[in-house]
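To start, the structure under review is shown below, and the notes come after it.
Order of listing sets the numbers, starting from 1, for every ligand and every atom in it. Sequence positions, counted from 1, serve as the residue numbers for this chain. Atom set for the values below is all heavy atoms of this structure, side chains included, hydrogens, waters and symmetry mates excluded.
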Amino acid sequence: MIVIPGPASKELGAKIASELGVEPHFAEYRVFPDGESYIRLTRAVEGETAVIVQTTAPMQDRKLMQLYMMASTAKELGARRVVCVVPYLAYSRQDKRFLDGEALSLELVIGILESLGVDDIIVVDIHNEESMRTIQSRHNLKVHNLSAIPVLAGELRDKGFEGAYSLSPDKGAVKLAEAASKILGGRYGFFEKFRDRNTGEIEMKVVDLDVEGESAIVFDDIVSSGGTMAKAVEGLKGQGAERVAAACTHALFMEGVEEKIEKAGADIIMASDTLCPPKGVTTVSVAPLVANLLRKLTTSKKRVQ
Ligand code: R5P
């Protein structure tokens, strides 16, 4: 197995290689002054399983182009199998046509990777697994979805949040809270969130959660502008929760988000390393999870589902 960390995931790619006990073969890259990318694979891949590690945000479009260049080059140079580890898969929130005429962006990204000859994609906490499965059923590659939630919950348990109330910001993400509660041993539930599809404005209903004096954690797949997380944390603190943690898999964290969530009352902010969280955010790694799946994929004779 040849592990190729791409420009967007040098650190994570190296960690995955180290978990597997192999050398990472970093792709050489440049960005020309006009914005185009140059990519060169630095190790022969003929007859091998090429594992390309490249997250895709931000700048999503450039990172995707670099991913396409690495995958197509590996295939053209004779890789037997091409596995793309894309821990944060850009455009996965646009997995449906919510308004007439919208681009079905996730399908486009998956379709391009398929057309390049990619055999497997490994993602972490894809926004909506069901929609992704529907899209995948129209394609010939396999998408494997891992979850960082048990790792985040385990770390929070070690930091004194055992028995905490696990919450997700909306009903769609309640599976995250449920998975976390299995590790933390407390209750789980969700807020009611509404997003105006035209303006993007969020409205969050904070029902009475009976959290006075308790610890609570908000788990989300993505924190981007931080609006969702800040509203949830604020709601919990407003109801008297004693300690509140904000945890997410993908720390997109636009400018000022950490401060926004802290100001809302979060006692700890935690994220996985599918992206590069800012310094003040406690980070847990998905490298062992990814390495474990890669081991299974490359040793199993049967296709891993
Ligand atoms: C949306 O449904 C996602 O699960 C996240 O809740 C959302 O992307 C967070 O976005 P923001 O941080 O901009 O509120």
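No side-chain N or O of Ser37 forms a donor-acceptor pair with one of Arg30 less than 3.5 Å apart.
Taking the side chain as every heavy atom from C-beta outward, Val151 and Ser272 never approach each other to under 4.5 Å. Here the side chains of Glu102 and Lys96 are not in contact, with every heavy-atom distance at 4.5 Å or above. Between Val85 and Val51 the shortest side-chain heavy-atom distance falls below 4.5 Å. Side-chain contact between Ser285 and Glu11 is absent, with no heavy atoms from C-beta onward closer than 4.5 Å. Residues Lys175 and Phe219 form no side-chain contact, since every pair of their non-hydrogen atoms from C-beta on lies 4.5 Å or further apart.
Atom 11 (P) of ligand 1 has its nearest heavy-atom neighbour, among Ser225, Ala230, Cys248, Ala251, in Ser225.
If you take CD on Glu242 and CD on Glu212, they are separated by 10.0 Å, rounding to the nearest 0.5 Å.
The nearest heavy-atom contact from the protein to atom 4 (O) of ligand 1 is Asp221 OD1, 2.5 Å. Looking only at heavy atoms of the protein, atom 5 (C) of ligand 1 is closest to Asp220 OD2, 3.3 Å. The protein non-hydrogen atom at the shortest distance from atom 9 (C) of ligand 1 is Ile222 O, 3.4 Å. Protein heavy atom in closest approach to atom 1 (C) of ligand 1: His127 CE1, 3.5 Å.
Residue Arg93 touches ligand 1 through its side chain alone, judged by heavy-atom distances below 4.0 Å. The proximity of Thr228 to ligand 1, defined as any non-hydrogen pair under 4.0 Å, involves the side chain as well as the backbone.
Ligand 1 does not have Ala173 within reach: every non-hydrogen atom of the residue lies 4.0 Å or more from it.
Distances between N or O atoms of Pro169 and those of ligand 1 include no value under 3.5 Å.
Within the listing of ligand 1, atoms 12 (O) sit less than 4.0 angstrom from a heavy atom of Val223.
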